[in-house]
Structures are given as C-alpha cells and as structure tokens.
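All figures in this text were calculated on a predicted structure; none of them were measured in a lab.
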Amino acid sequence: MTNPSPPSAGIPENGLPPLLGAYSGQRPDRLPVWFMRQAGRSLPEYRAAREGVGMLESCLRPELAAEITLQPVRRHGVDAAIFFSDIVVPLKLAGVDVEIVPGVGPVVDEPVRTRADVDRLVQHRPGDHTAVTEAVRLTVAELGGTPLIGFAGAPFTLAAYLVEGRPSRDHLAARTMMHADPESWRHLMRWTADITGAFLRAQVLAGARAAQLFDSWAGALSLADYAGHAAPFSARALAQVHELGVPVVHFGTGTSELLVAMRDVGADVIGVDHRLPLDEASERLGGTTPLQGNIDPALLAAPWEVLEAHVRAVVEAGRAAPAHVVNLGHGVPPSTDPGVLTRVVELVHTL
C-alpha cells in the first residue's frame with residue numbers, strides 16, 4: 001500500500017486534525033469533508049481490488065479491507081477515512097448465517113420471528129474481531145495524520161435485518177414484533193446492541209479516532225417507537241465506546257423527527273440526511289450540537305454549476321451549527337464520477 005498524502009493543512013495549534021476539531025465543536029481553519037460510502041463502487045480501483053471476492057469476505061481480509069479504506073483518501077484528499085465494512089459483519093462474526101446477495105443486500109437464512117428464534121439467536125456470542133482489528137491497524141499505519149472513523153450499524157437496523165430476513169421498505173415484521181411481543185423484542189435488541197457495540201469498540205481500541213453509528217432504517221419508526229423501542233439499545237451499544245474518549249457520530253436516513261432522541265442516546269455529532277436543511281436541524285437540536293452532512297447525493301450527477309451552488313448552500317446553512325463536517329445526506333451512488341467527488345473536496349476546502 002502507498003501512503004496517502006495526509007491533509008495536514010488547517011490543523012490548529014491544539015494539534016487536532018480538522019475533522020476531530022469539528023467533531024469537538026470547534027471551527028478549524030479548513031472545513032472538513034468526507035463522504036459516506038466513499039470507499040466503494042464509484043472507484044475503479046475498488047472494483048479492481050474486489051474482483052472475484054464477495055462483499056463480506058472482502059470486509060474480513062485485513063489487507064484488502066485496509067486498502068479499500070485508504071483508496072478514497074489517496075484519490076480525493078478527504079479529511080477522514082471511514083472503515084470499510086458492512087452493517088451485518090458483526091452478525092457474520094457471531095455465526096449468524098447471513099450473506100450479501102448482489103442486487104438485493106443482506107439476506108438472513110433463518111429470519112427471527114418468534115421467542116424461540118430469539119432464544120436460539122442469543123446463544124451466539126460476539127465473534128473473533130481479529131480480522132477487523134488487524135485491518136484497522138494496517139489502515140491507521142498508512143493514514144498519517146488523517147483520522148479513521150470506526151463503523152457499526154445501530155441495534156434497530158441489525159434487528160430489522162434479522163426479523164425481516166432481507167432489506168425492507170417498511171419493516172412491518174420488525175415493527176410488529178416490537179409491539180406484539182415486546183419482551184422478545186427487548187431480548188433481541190439487547191443482543192444486537194451488545195454485538196454491534198463490541199464491534200465498534202474493537203475498532204476504536206485498534207486505532208479508530210472517532211466512531212459512527214448508522215441507523216439506516218430508524219426512519220421507519222415514529223418518535224414514540226424510536227424512543228421506547230430503539231433508543232435505549234443504541235445507548236447500550238454506545239456505552240461500550242464512551243469510556244474510550246472518542247467522538248461519536250449518529251446518522252440515520254429519514255430521521256428528521258428523531259434528531260434530538262438520536263443525539264440523546266450518547267452522540268456528540270449528528271449526521272443529517274438531505275431532507276432537512278442544516279440550519280433547521282441545528283435549531284431543532286438547540287444550536288449546541290456539531291452537525292455532519294448533507295449534500296443531496298442526487299446532485300452529484302447534476303451539472304457542476306448546480307452542484308456547486310448546492311454545496312455552497314449546504315455550507316452556508318451549516319454555519320448555524322457550532323461546527324460542521326461536510327458530507328452527503330446518504331452514501332455515494334455507485335454511478336458517481338469520482339472526479340466530481342474530488343472537485344467537491346477541493347471546493348469545500350476553499351470555503
């Protein structure tokens with residue numbers, strides 16, 4: 001692996017890289033930027049590296065996972081690497097029969113629908129994190145001053161995959177279980193919290209300097225359901241990293257009505273999707289919480305003058321927050337021109 005050029009410009013006198021300064025509520029000289037799913041199918045070098053290798057296997061080959069994590073830092077000059085993994089990797093490590101099917105997503109061989117199913121599932125203990133920690137160590141050794149962000153899925157999103165058996169638009173089966181059999185639901189959620197919390201903790205102990213919890217499907221929940229049936233378990237997962245002293249980012253899609261509750265599970269920074277302007281998000285959060293986001297991924301394919309105006313508007317709205325890390329309102333679409341992402345980074349660094 002070749003060393004990426006660490007983006008050292010803009011590091012304040014306190015020695016914090018711009019990303020970590022912003023996560024701690026400061027306004028560094030250079031506005032930090034990175035992209036969710038920046039390591040992935042938009043990059044030709046990623047497609048070449050993964051040729052013939054399944055998704056979950058690529059996550060668990062340390063040298064390959066490290067290489068993929070580093071690729072967008074080298075190419076785009078972003079202010080952070082996000083550890084290359086998948087939300088269901090902790091399930092795989094725990095011995096759950098789950099695979100990522102091309103064109104479908106994660107598919108669980110035996111969906112969890114009854115108390116007996118839950119009782120069988122929770123016999124699985126958190127698996128061996130050696131491949132993950134080795135990948136983190138290899139990545140950090142190459143990153144120089146660029147921080148690595150650890151990655152994990154929130155307990156609700158893991159539980160939704162387990163109950164539905166595959167991706168779902170409305171998560172009816174999961175939402176039914178939480179109300180029809182709340183004790184089984186709590187038993188399931190305690191287990192998902194413990195395994196995903198352990199997964200995130202392992203990354204931080206190996207050298208990740210921040211942690212992001214993704215609740216991809218929390219937008220399917222009402223505020224009352226989130227607060228009563230999901231938030232306590234996200235707090236349980238994050239409790240495993242709080243004592244380690246790294247900033248925690250919490251992000252979900254379609255979660256504009258949940259932002260305060262998502263922060264209050266123990267997050268230092270809130271990621272905002274493209275549906276809500278950042279100044280309004282900051283107002284909802286009381287003006288005290290650093291924000292991350294929220295360029296609309298759809299505009300990455302728009303004419304440059306349209307995208308540039310949008311990026312500038314996002315940055316301007318982000319000035320309402322105490323600090324801002326520029327990102328997308330969701331992940332990089334696979335069809336994105338990598339040159340556009342590099343150009344966005346260059347623009348943001350001038351702002």
Side-chain angles (χ1 to χ4, degrees), residues 4 19 32-50 53-56 58-59 64-89 100-106 135-136 139 143 146-154 157-158 161 167 199-200 203 208 210-219 249-255 269 271-275 292-302 307 311 314 325-345 348:
L19 177 94
V33 54
W34 67 279
F35 306 109
M36 288 179 284
R37 292 185 189 157
Q38 63 187 17
R41 290 172 290 173
S42 66
L43 299 182
E45 55 266 43
Y46 167 85
R47 296 192 295 271
R50 268 211 52 211
V53 184
M55 176 63 184
L56 293 181
S58 67
C59 294
L64 180 56
E67 166 62 22
I68 292 171
T69 302
L70 292 162
Q71 287 174 348
V73 183
R74 295 193 196 110
R75 178 184 276 266
H76 303 310
V78 286
D79 293 283
I82 179 75
F83 184 59
F84 176 73
S85 190
D86 189 89
I87 282 172
V88 299
V89 166
I100 297 180
V101 178
V104 178
V136 170
T139 303
L143 276 174
T146 305
L148 175 67
I149 303 169
F151 167 98
T157 289
L158 264 68
Y161 279 123
F199 181 66
L200 196 56
Q203 295 169 57
Q212 179 156 315
L213 194 69
F214 290 77
D215 213 344
S216 305
W217 304 128
V249 187
H250 202 184
F251 172 78
T253 57
T255 53
V269 182
V272 183
D273 76 5
H274 62 276
R275 296 168 176 86
Q292 182 172 277
N294 67 344
I295 297 167
D296 187 341
L299 271 67
L300 294 175
L307 175 57
V311 171
V314 165
V325 173
V326 178
N327 207 304
L328 303 180
H330 201 195
V332 175
S335 59
T336 301
D337 177 356
V340 170
L341 295 177
T342 303
R343 198 172 179 185
V344 168
V345 172
V348 169

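- Side chains of R75 and P44 form a contact here, defined as non-hydrogen atoms less than 4.5 Å apart.
- Heavy-atom neighbours of R41 CZ from other residues, nucleotides or ligands within 6.0 Å: at or below the threshold of 12.
- In plain terms, the two heavy atoms of A81 and T69 that are nearest each other are CB-CG2, 3.8 Å.
- One finds the CG atom of L328 at 9.5 Å from the CG atom of N294 (value rounded to the nearest 0.5 Å).
- At least one side-chain heavy atom of I295 sits less than 4.5 Å from a side-chain heavy atom of L307.
- To the nearest 0.5 Å, atoms CG (D337) and CG (L341) are separated by 8.0 Å.
- Considering all non-hydrogen atoms of both residues, G77 and V345 come closest at O-CG1, 3.7 Å.
- Of the inter-residue distances, the one linking L300 atom CG with R343 atom CZ reads 13.0 Å to the nearest 0.5 angstrom.
- At least one donor-acceptor pair closer than 3.5 Å links the side chain of T157 to the backbone N or O of S216.
- Partners of H274 according to the side chain to side chain donor-acceptor pair (under 3.5 Å) rule, which considers only residues two or more places apart in sequence or in another chain, do not exist here.
- For the pair R74 and E45, the salt-bridge criterion is not met [side-chain N within less than 4.0 Å of a carboxylate O].
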**Request:** Begin from the C-alpha positions of L158 and V88 and carry the test side-chain contact (heavy atoms from CB on, under 4.5 Å) through to its verdict.
**Result:** CA-CA 7 Å; L158 264 68; V88 299; 5.8 Å; no

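- The two residues F35 and I82 come nearest to each other via the heavy atoms O-CG2, 4.4 Å.
- Closest non-hydrogen pair, P106 versus D86, comes out as CG-OD2, 4.5 Å.
- Counting heavy atoms from C-beta outward, W34 and I149 have side chains that approach closer than 4.5 Å.
- A perpendicular orientation is assigned to the rings of F84 and Y46, their planes being inclined by more than 60° (bins at 30° and 60°).
- The heavy-atom pair separating L213 from H250 by the smallest distance is O-CD2, 3.3 Å.
- Taken to the nearest 0.5 Å, the OH atom of Y161 stands 5.5 Å off from the CD1 atom of I87.
- Annotation: side chain of R275 is in contact with side chain of T253 (closest heavy-atom distance under 4.5 Å).
- Taking CG of N327 as the start and CG of D273 as the end, the distance is 11.5 Å to the nearest 0.5 Å.
- For the pair S85 and F199, the tightest heavy-atom approach, listed with the atom from each and the gap, is OG-CZ, 3.3 Å.
- Residue R50 holds its CZ atom at 13.0 Å from CG of L43, rounded to the nearest 0.5 Å.
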**Message:** What verdict does the side-chain contact (heavy atoms from CB on, under 4.5 Å) test give for V249 and V325, after you've listed the backbone C-alpha separation in whole Å, the side-chain angles of each residue and the deciding distance to 0.1 Å?
**Reply:** CA-CA 11 Å; V249 187; V325 173; over 6 Å; no

**Request:** Show the numbers, then the answer: is there a side-chain contact (heavy atoms from CB on, under 4.5 Å) between D215 and T255?
**Result:** CA-CA 9 Å; D215 213 344; T255 53; 6.0 Å; no

